[in-house]
Each structure stands twice: as structure tokens, then as C-alpha cells.
Amino acid sequence: MSPRPQPAGRAGLDPFPSGWYALGPSDGLAAGDMRTVRFFGEEWVLWRSETGAVQLSSAWCPHLGAHLGRGGRVEGETLRCPFHGFSFDGAGRCRRAYGEGPIKRGLRTLPVMDRNGWILAWGDRTGADPWFVPPAIETTGWTPLRHYDWALDSHPQETTENSVDVGHFTEVHGYRSVGTLSPMVADGAYLTATYTMLRDNPFLPGLPPIRSRFQVHVWGLGYSLVEISVDGLGLHSRLFVLPQPTDGTGIVLRIATATRHLSAGLPGRLQRLPTGFLTTLLNRTVGAAAAADVADDFEIWNHKAYLSPPALARGDGPIGPYRRYCRQFYPAADAVPVAPAPAARSAG
């Protein structure tokens, strides 16, 4: 019997796989700033203390339920409730209640950190501590990140699956001569593979196509980094692909590019241009090309069904091994708390 397509919302595919997810760029949240975010089916307050520590706290005050993101404020190293002025530190402990002894009940918090230009939050429906961390990377000598983001009716496993779906590179994105330089390898939460392919020249249209090399690095289903190099140009870029689960039915997909500053020895007339200006210009082009590639997938992601098992064919790439890799990020059904958290409300 053929597998039945899953209904909208991908029934049978847990919407909240464990992992690290980007809530936005690090430089988008200054000291003393706060904002409401929707993550793992709930609303949270993302805030940065006056000394620069980033924190993620449950949105509702345990005293009488006021929404801390609606009129609350950061005071030093604490988050102050707008209703009665109770204050809570980054660990969720009440530090002030009417100027007297604090209440015993605190805020729930999630692990959160600044890493590689992003604010990353750990999500796990069982409340388990992080068991892997994306590594820090060197950013000296690279351009600032160029960002794009979209709200999609999709799932982190579905968008990340594109990193191993070799067959769609030609059909959806128009790449040619696609080849695998190193096959998919999974080691715990880390997955990697390397591909090569031809594409139309996005830098100088009308010239012959360029050959690019893509090395994919995946740490869980919310954090992917693609290292891109282009033959003959000495161009090395990074592409971050970061899906964030929101309310259980969709995601926010964030991408960003950075390009390593060019050195001497550029080909042809490119030698006449200042390398700083040229690198920034190239990163803008890389970012636009990456955003266009990702946009090519929207119609598919927003309307596809999740099939388990799928009817795989030669030329698909290692989709089967990828899906086995994904199983580790889903807590056992009997390990997930039964009591629901407060219902998510519109952030307006």
C-alpha cells in the first residue's frame, strides 16, 4: 500500500525537534533591549542585560500573569514586570517584589547564547540540557553578514533536507553538472557533505558559467553553514541557513552570507578595483543569488506533503541516511511533558 500523504501541518512529524535555533542576528539586540519572540509553540521575551548578556525568559510573570514583553523593561541585569514591578534575573529568579523579599516562583528560561553573529536558543520539549553546540568560527577578514528572512509553512527537517537532496539542484535551481566530491557523513549531531556544480555567472552575466564548490556543515536541524568557493575568482563565501520553529505549523527561515576579503592576484580588470569595495559588492551579489535560490523552494516547501517512507529513486542523494540522522533530535513520545505551557498569543 502506498504511504498516505500527511495533512497540512505535517501530522506525524513532530514540529519541535531538539536543537539550537537562531532568533535573530546578535547585533539586532542592543544592551537594554527586549522583544517578544514565538519559539517552540510559546511566547518568550528575548532581552539583553545592561552588561550585554543575552537572555530568554517566559513571557508571563508568575505573580499575576502580566506579559513581560508588553510594557516590561530591562533594568541592569534584570527584567522588570510592567504590572507590579517585580524583577527577574537571567536565571529566572525573582530579585524584587514590592521592595521586600522576592517570591519563590520564578520565570522559566531557555539556554541562549551569541554565536557566530547569531542569537541561538536551545529548544527541547522534554527540558533536556543542550547535548551539542555549533562551533565558533573565525570572522576576522570577513564581511559583515547580509541577512534575509521569511515566514514559511514548513519544518526544519524539510528545509535542511535540501542540503542532501542532490536531485533538486538541477530541477529547481538550474544547476548543471552536479557532482558529489565527498559523500554525506554523520557524526553525532554533525553532518557534512561536499558538492560541485555549474551555474550561470551571477557576478558578470553573459560570461561563461562558473563552477562552484559547496561544503555543507549541519549541526542539528536548525543550524546549517555552507562554505562556497568559486573556481578562478578566489572567492570564498559563507551561507547560513537557519530555520526557527514558531507555533507548530510554520517556521521563520533566516539566511545570511559573508565573504572573505579578497587578496591580491585577482583576474583581469578586477585588479583595478579596491578589494574592500569589491568584496562588499561580491557579498551583496552572493547574498542576492542565495536568496533567489532559497526563494525557488518556497512553492515546494509551502505545499509539499511529508511522506514516510518516501519512494526514493537513484539520483536522489542520501535522503534515507539523512532521515535516520534526524531521528536523534526527536524526544521519545513518553518523555514529553503532558502538561501544556500557556497558549501562544499574537505578538501583534
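Numbering of residues begins at 1 and proceeds along the displayed sequence.
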Gln244 vs Arg254, side chain to side chain contact (heavy atoms under 4.5 Å, CB included): CA-CA, chis, key distance, verdict | CA-CA 8 Å; Gln244 174 209 328; Arg254 296 181 172 89; 2.6 Å; yes
Is there side-chain contact between Pro134 and Met113, with at least one heavy-atom pair below 4.5 Å?
-> yes
Main-chain N/O of Trp60 paired with His67 side-chain donor or acceptor, under 3.5 Å | no
Cluster question for you: counting only ILVMFWY and a side-chain heavy-atom cut-off of under 4.5 Å, with indirect links fine, are Tyr325 and Trp131 together?
-> yes
Got a donor-acceptor contact below 3.5 angstrom from the Asp165 side chain to the Pro318 backbone?
-> no
Student check: side-chain heavy atoms of Trp20 and Val133 closer than 4.5 Å = yes
From Phe16 CZ over to Asp124 CG, what is the distance, rounded to the nearest 0.5 angstrom?
-> 12.5 Å
More than 12 heavy atoms from other groups under 6.0 Å of CZ on Arg105 | no
Between the side chains of Asp316 and His168, does any donor sit under 3.5 Å from an acceptor?
-> no
Does one hydrophobic cluster hold both Val185 and Val218, with members joined at side-chain heavy-atom distances below 4.5 Å?
-> no
Shared hydrophobic cluster, Phe298 / Tyr306 (ILVMFWY, side-chain heavy atoms < 4.5 Å) | yes
Show your reasoning for whether side chain to side chain contact (heavy atoms under 4.5 Å, CB included) applies to Leu242 and Tyr223.
-> CA-CA 5 Å; Leu242 308 163; Tyr223 187 100; 3.6 Å; yes
Val241: which of Thr159, Leu253, Thr160 passes side chain to side chain contact (heavy atoms under 4.5 Å, CB included) | Leu253
Heavy-atom pair with the smallest gap, counting every atom of Asp293 and His173 = O-CE1, 2.8 Å
Do Asp33 and Arg73 sit within salt-bridge range, that is, some charged N less than 4.0 Å from a carboxylate O?
-> no
Between atom CD of Glu50 and atom CD of Glu75, what is the distance when rounded to the nearest 0.5 Å?
-> 9.0 Å
Shortest non-hydrogen contact between Ala97 and Cys94, atoms and distance = CB-SG, 4.4 Å
Test item: side-chain donor near acceptor, Arg260 and Ser237, under 3.5 Å = no
What pair of heavy atoms forms the shortest contact from Pro243 to Ile251, and how long is it?
-> CB-CD1, 3.9 Å
Salt bridge between Glu77 and Arg95, side-chain N to carboxylate O under 4.0 Å?
-> no
Nearest non-hydrogen partners of Trp118 and Ala22, listed with the distance = CE3-CB, 4.0 Å
Does the Thr78 side chain pair with the main chain of Asp89, one donor and one acceptor, at a distance under 3.5 Å?
-> no
Distance col, row Cys326:SG vs Asp14:CG, nearest 0.5 angstrom, shows 12.0 Å
So, for Ile137 and Asn116, which heavy atoms are closest and what is the spacing to 0.1 Å?
-> N-OD1, 2.8 Å
Evaluate the side-chain proximity of Thr192 to Gln215: yes if any heavy-atom separation is below 4.5 Å, no if none is.
-> yes
How many angstroms lie between CG in Leu107 and CG in Leu68, if you round to the nearest 0.5 Å?
-> 5.5 Å
Would a 4.5 Å heavy-atom cut-off, applied to side chains only, mark His236 and Ser229 as touching?
-> yes
Salt bridge Glu227-Arg238, side-chain N to carboxylate O under 4.0 Å | no
Find out if a path of hydrophobic residues (ILVMFWY) with successive side-chain heavy-atom gaps under 4.5 Å connects Leu281 to Trp142.
-> no
Any side-chain heavy-atom pair of Ser224 and His217 under 4.5 Å = no
Could you state the interatomic distance from CZ (Phe86) to CD1 (Ile103), rounded to the nearest 0.5 Å?
-> 5.5 Å
Centroid-centroid under 6.0 Å between Tyr195 and Tyr175 rings | no
What is the ring orientation for His84 with Tyr98, classed by angle as parallel under 30°, tilted 30 to 60°, or perpendicular over 60°?
-> perpendicular
Is there side-chain contact between Ile119 and Asp114, with at least one heavy-atom pair below 4.5 Å?
-> yes
Criterion salt bridge (Lys or Arg N to Asp or Glu O under 4.0 Å) on Lys304 and Asp153, from CA distance to verdict | CA-CA 10 Å; Lys304 76 184 295 294; Asp153 180 17; over 6 Å; no
Please lay out, stage by stage, how Arg211 and Ser177 fare under the test side chain to side chain contact (heavy atoms under 4.5 Å, CB included).
-> CA-CA 9 Å; Arg211 177 167 294 279; Ser177 302; 3.7 Å; yes
Determine the sole option in Thr285, Thr279, Asn283 for which the side-chain hydrogen bond (donor to acceptor under 3.5 Å, both in side chains) test with Thr259 is passed.
-> Asn283
Could you tell me whether a side-chain N or O of Thr257 sits under 3.5 Å from a main-chain N or O of Arg284, the two making a donor and an acceptor?
-> no
Worked verdict on Phe132 versus Trp122 for ring pair (Phe, Tyr, Trp, His ring centres under 6.0 Å) | CA-CA 10 Å; Phe132 68 93; Trp122 172 261; 5.6 Å; yes
Tyr330 vs Gln157, side-chain hydrogen bond (donor to acceptor under 3.5 Å, both in side chains): CA-CA, chis, key distance, verdict | CA-CA 11 Å; Tyr330 296 98; Gln157 180 173 323; 2.6 Å; yes
Do Ile228 and Val178 belong to the same hydrophobic cluster, where Ile, Leu, Val, Met, Phe, Trp and Tyr are linked whenever their side-chain heavy atoms lie under 4.5 Å apart, directly or via other members?
-> yes
Do Arg323 and Pro309 have side chains that get closer than 4.5 Å, going by heavy atoms?
-> no
Plane angle bin for Tyr148 and Trp150 - parallel if under 30°, tilted between 30 and 60°, otherwise perpendicular | parallel
Donor-acceptor contact below 3.5 Å, side chain Ser49 vs main chain Ala53 = yes
Quick one: pull up CG in Leu191 and CH2 in Trp219 and give me the separation to the nearest 0.5 Å.
-> 10.5 Å
Short question: side chain of Asp187, backbone of Tyr190 - any donor-acceptor pair under 3.5 Å?
-> no
Heavy-atom closest contact (Tyr322 atom, Leu221 atom, distance) = OH-CD2, 3.7 Å
Donor-acceptor under 3.5 Å (Ser58 side chain, Arg108 main chain) = yes
Step by step, would you call Thr194 with Arg213 a side chain to side chain contact (heavy atoms under 4.5 Å, CB included)?
-> CA-CA 7 Å; Thr194 307; Arg213 170 190 172 106; 3.9 Å; yes
Apply the side chain to side chain contact (heavy atoms under 4.5 Å, CB included) test between Leu56 and each candidate in Val45, Leu23, Thr109; give the one that qualifies.
-> Leu23
Stepwise side-chain hydrogen bond (donor to acceptor under 3.5 Å, both in side chains) check, Gln55 with Arg48 = CA-CA 6 Å; Gln55 312 288 358; Arg48 194 181 292 279; over 6 Å; no
Is there side-chain contact between Thr246 and Phe39, with heavy atoms separated by less than 4.5 Å?
-> no
Cut-off 3.5 Å, side chains only: do Thr36 and Trp44 have a donor facing an acceptor?
-> no
